[in-house]
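Structure first, then comments.
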Amino acid sequence: MRLIRACDYDDMSRKAANALSAQVILKPNSVLGLATGSTPLGMYRQLIEWYEKGDIDFSEVTTVNLDEYIGLAPDHPQSYRRFMDDNFFRHINIKPENTHVPNGLEADEFKESARYEALIYSCGGIDMQLLGIGHNGHIGFNEPGAAFEKNTHRVPLTEATINANKRFFPDGDVPREAYSMGIRSIMQARRILVIVSGKGKAEIVKQAFFGAVTPHVPASVLQLHNNVTLVGDEEALSLYD
Ligand code: PGA
């Protein structure tokens, strides 16, 4: 694993954006696996800034996102499709038809899982997969206990996640399930870029990268991948040495 140390969130965002833009500059038709959450927001902002300066071109890039809530329309304010459109895609010159997020409105889980896997395959596989890590070690919606061999699949959300999400759904209609790339889909990416920031992530970073490889800490599987770059700020890496 390659470790890139950053001093704070902004520095982490800039260094992660550097790694991602290097990928796109060296291979303009890269397939990027992207993630939602609070951690990547600064990185997306930085990439938009560099795009506006003319330093990076997304016209040939394809993206596949990790996950989406089941039951939410693409334009729902809390859907991950909407998150990506609002925070990244509509600010850069990526072709909308080259951006992919699981279809939360597809009721047939087997059909949607197979479609999404076939899509990743038909794009040629993921060149670089971006990942945040949850406090419990989840990657995508692969929660502790998730089987390492799964491809894209339907995931029932944990009660903790449902409760944590309640504040975003004033009508009380909180999604209880999601589609997520599985650990296997993630591990097939050629390169993996993990970003972590803040003290709250220090313990899980230590467990994931120093502890045993176990489904109880899904991110620990990344120790078995041969091309992982971890970009973390001082706080997140404070227990790492
Ligand atoms: P965060 O989420 O970036 O909002 O901390 C990471 C994750 O849960 O995967």
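Remember, it's 1-based here, ligands and their atoms both numbered in the order they're listed.
- For a heavy-atom separation below 4.0 Å, the residues in contact with ligand 1 are Gly37, Ser38, Thr39, Gly132, Ile133, Gly134, His138, Lys201.
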Residues Arg82, Asp85; criterion salt bridge (charged side-chain N to carboxylate O under 4.0 Å, His left out); working and verdict = CA-CA 5 Å; Arg82 177 79 177 266; Asp85 286 345; over 6 Å; no
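- Once rounded to the nearest 0.5 Å, the distance linking OH of Tyr69 with CZ of Phe83 reads 10.5 Å.
- A salt bridge links Arg90 with Asp86; the closest basic N to acidic carboxylate O contact falls under 4.0 Å.
- Considering only heavy atoms from C-beta on, Phe169 comes within 4.5 Å of Gln78 through its side chain.
- Taking a cutoff of 4.0 Å between a charged side-chain nitrogen and a carboxylate oxygen, Arg81 and Glu68 do not qualify as a salt bridge.
- Remark: Glu234 does not engage Lys199 in a salt bridge, criterion side-chain N to carboxylate O under 4.0 Å.
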